[in-house]
There are 2 protein chains.
Amino acid sequence: MPGDHQEDPLENKLLAALPDADLARWLPQLEPVDLPLGKVLYESGRRLSHVYFPTTAIVSLLSVMEDGASAEISVVGHEGIVGVSLFMGGDSTPSRAVVQSAGRGFSLKAHLLLLEFNRAGSVMHLLLRYTQALITQMAQTVACNRHHSVDQQLCRWLLLSLDRLASDELVMTQELIANMLGVRREGVTEAAGQLHKAGLIDYRRGHITVLDRPGLERRSCECYGVVKKEYDRLLPASKAT
Amino acid sequence: MPGDHQEDPLENKLLAALPDADLARWLPQLEPVDLPLGKVLYESGRRLSHVYFPTTAIVSLLSVMEDGASAEISVVGHEGIVGVSLFMGGDSTPSRAVVQSAGRGFSLKAHLLLLEFNRAGSVMHLLLRYTQALITQMAQTVACNRHHSVDQQLCRWLLLSLDRLASDELVMTQELIANMLGVRREGVTEAAGQLHKAGLIDYRRGHITVLDRPGLERRSCECYGVVKKEYDRLLPASKAT
DNA sequence: GATCATATGTACGCAGGCGCACAGACACTT
DNA sequence: AAGTGTCTGTGCGCCTGCGTACATATGATC
């Protein structure tokens, strides 16, 4: 869909939080990109050529094992940036970034981001604070994977995804969700069935609609709340100073 | 034990990797500290007053749930620093840092570290690279928790701990290990029994001795290797430039 | 509207890990 | 040398999630 309706970089909250002076410099360099379902933005061990600022898409960071088994480390949506390892100094990461929910975003050439980062001003601090939030998400996921049921994790996952979307509908198969959570597809079917029975969600073939968000939050493990709170704390919805 | 033998900050590899000019400035500010087993270096949500550079101690970063259940996110030994969230901009983290193996280290006042970090030179890049390695460890732990057996995880954990110690003996109860891995104490007993039967380790009441390191590596899941490789890549044993 | 790939539902046995309970064994105290 | 607290070993039954297999439903395509 060329000439799509929304092509505003400010839909990405990280970009929106940039001081005006910085933003003005960035805008000409940002390229709108289409992020179709399943697109791999970066692969384990490969050098990063671009970073991405999703606007309507959601991207998952996955840890992938030799045998193909995977688990989601964290999710990135319109609140963040894909490719933090670039400015952390790694050039690459041993994880994979995959578009989990189709949409759009903006890309920026790696060397340009590095230039901006190395100015060591508010841009840098903003990116580091975002990374800190990402770390929190990972840390919580470690414990969640260990201690909570598929049911609870599904709630957490739905809520985290929802926060990163405008709508209350996810275009997403259960198979995909299973890959993210690192569980069986059947396990997701079962858990989703429970949530449906409880009147919290509705779904059909590749679409999940959340009916009762507060209900989901109540059913979810504490992990969702912990992560959300930390994102809100570290990345308030206002300009960086 | 006052006037202990080794009080050399350079035993910490991160400090050792500092350019001489930076190191010279730091040395007078570093205070040797005793890190006894179980000491909490920072608590969830609390402001960090110091950062720590372990030399002979090992520190675990834990995710702690409301009900007290926990899981280790990552380990820090003589290769690193405890308190990365300070310079990442968070002031605090929702995790806890506990001394997992008694020993010593050096502390540095938070504001001094921030001053150094904000010079935005090689110190900053070194710390960020270290943080990137830490992130890798977390990411791998997410997947490991999900897909690997207690047996394999114990191997990984032993190896990671060993890399952060001089000796091949860990002073550590199975109960403690269970807390780190987020499993039952009995599960660790069982797994340790297996490893003993296989001639890989020896142990008695609070002490574990590794007999066959290569054997452990073979028995461990791939996660150990992935993490190790990334630490080596990001933090080579030489001065930063 | 028939066809077909793909998404979802269900069932069954199995294994790993949990919670609990208690027995033995070790090291430190006095 | 005895006493004591803690650490380790072991044995249940239970439940969750896994692997496998197959049945059914749905929505896109022709």
Side-chain angles (χ1 to χ4, degrees), chain A residues 36-38 65 67-72 100-102 142-158 169-198 201-209 219 221, chain B residues 37-38 65 67-71 100-102 142-158 169-198 201-209 219 221:
Chain A
L37 179 65
M65 324 246 63
D67 66 358
S70 64
E72 187 183 75
Q100 178 214 102
S101 176
V142 171
C144 194
N145 270 0
R146 175 56 77 201
H147 296 291
H148 297 146
S149 67
V150 172
D151 219 272
Q152 291 178 301
Q153 290 185 54
L154 179 57
C155 291
R156 165 180 66 84
W157 190 90
L158 286 172
E169 181 180 319
L170 286 162
V171 178
M172 169 79 34
T173 68
Q174 300 185 351
E175 176 95 42
L176 255 288
I177 299 179
N179 280 333
M180 301 296 154
L181 296 180
V183 300
R184 280 186 321 155
R185 195 266 311 159
E186 291 88 334
V188 175
T189 299
E190 173 129 8
Q194 300 286 330
L195 297 186
H196 175 68
K197 223 185 296 177
I201 64 172
D202 214 343
Y203 61 94
R204 52 175 231 285
R205 212 185 161 74
H207 299 253
I208 301 184
T209 310
R219 187 155 181 151
C221 48
Chain B
L37 179 64
M65 324 246 63
D67 66 358
S70 65
Q100 179 215 100
S101 176
V142 171
C144 193
N145 269 1
R146 175 55 78 200
H147 295 293
H148 297 145
S149 67
V150 173
D151 219 272
Q152 291 179 302
Q153 290 185 53
L154 179 58
C155 291
R156 165 179 67 81
W157 190 89
L158 286 172
E169 182 181 317
L170 287 163
V171 179
M172 169 78 33
T173 68
Q174 299 185 352
E175 176 93 43
L176 254 289
I177 299 180
N179 280 334
M180 302 295 155
L181 296 180
V183 300
R184 280 186 323 155
R185 195 266 312 160
E186 292 90 331
V188 174
T189 299
E190 172 129 8
Q194 300 286 331
L195 296 186
H196 175 68
K197 223 186 296 177
I201 64 172
D202 213 343
Y203 61 94
R204 54 173 231 285
R205 210 185 162 74
H207 297 254
I208 302 183
T209 311
R219 187 157 181 150
C221 47

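Letters A, B, ... mirror the listed sequences (proteins, then strands); counts begin at 1.
Rounded to whole Å, atom P of D:dT6 lies 16 Å from atom NE2 of B:H207. Nucleotide C:dG17 holds its C1' atom 15 Å from the CG atom of A:N145, rounded to whole Å. Look at CZ on B:R146: it is 7 Å from P on D:dC18, rounded to the nearest Å. Taking atom CD of residue B:E190 and atom P of nucleotide C:dA15, one finds them 14 Å apart after rounding to whole Å. If you measure from atom CG of A:L181 to atom P of D:dT16, you get 17 Å, rounded to the nearest angstrom. Going from atom CG of A:L37 over to atom P of C:dA7 covers 10 Å, rounded to whole Å. As a whole-Å value, the separation of B:Q194 CD from D:dG9 P is 12 Å. Following rounding to the nearest Å, B:H147 (NE2) and C:dG16 (C1') show an atom-to-atom distance of 15 Å.
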Item to check | Heavy-atom protein contacts under 4.0 Å, nucleotides 22-30 of chain C, coded B base, S sugar-phosphate only, - none | outcome: ---BBS---
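When each of A:R184 and B:Q174 is assigned the nucleotide of DNA chain D bearing its nearest heavy atom, the one mapping closer to the 5' terminus is B:Q174.
In terms of modelled atom types and a separation under 3.5 Å, the side chain of B:H196 and the main chain of B:I201 share a donor-acceptor contact.
The phosphate of C:dG9 has OP1 or OP2 within less than 4.0 Å of a side-chain N or O from A:Y203.
Here the side chains of A:N145 and A:Q153 are in contact, with some heavy-atom distance below 4.5 Å. In this structure, A:M65 and B:R146 have side chains that are not in contact, with every pair of non-hydrogen atoms separated by 4.5 Å or more. A:R156 is listed as a side-chain neighbour of A:L181, based on a closest heavy-atom distance under 4.5 Å. Side chains of B:L154 and B:L195 form a contact here, defined as non-hydrogen atoms less than 4.5 Å apart. Between B:W157 and B:V188, the closest side-chain pair of non-hydrogen atoms is not below 4.5 Å. Using a 4.5 Å heavy-atom threshold, the side chains of B:I177 and B:V183 count as separate.
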Item to check | Stepwise side-chain contact (heavy atoms from CB on, under 4.5 Å) check, A:T209 with A:R204 | outcome: CA-CA 9 Å; A:T209 310; A:R204 52 175 231 285; 5.6 Å; no
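To the nearest 0.5 Å, the span separating NE2 on B:H207 from OG1 on B:T173 amounts to 10.5 Å.
For the helix from C:dG1-D:dC30 to C:dT30-D:dA1, the axis fitted to the five pairs at one end and the axis fitted to the five pairs at the other end meet at an angle of 30° (nearest 10 degrees).
Residue A:G206 is classed as a sugar-phosphate contact, given heavy-atom separations below 4.0 Å to backbone atoms only.
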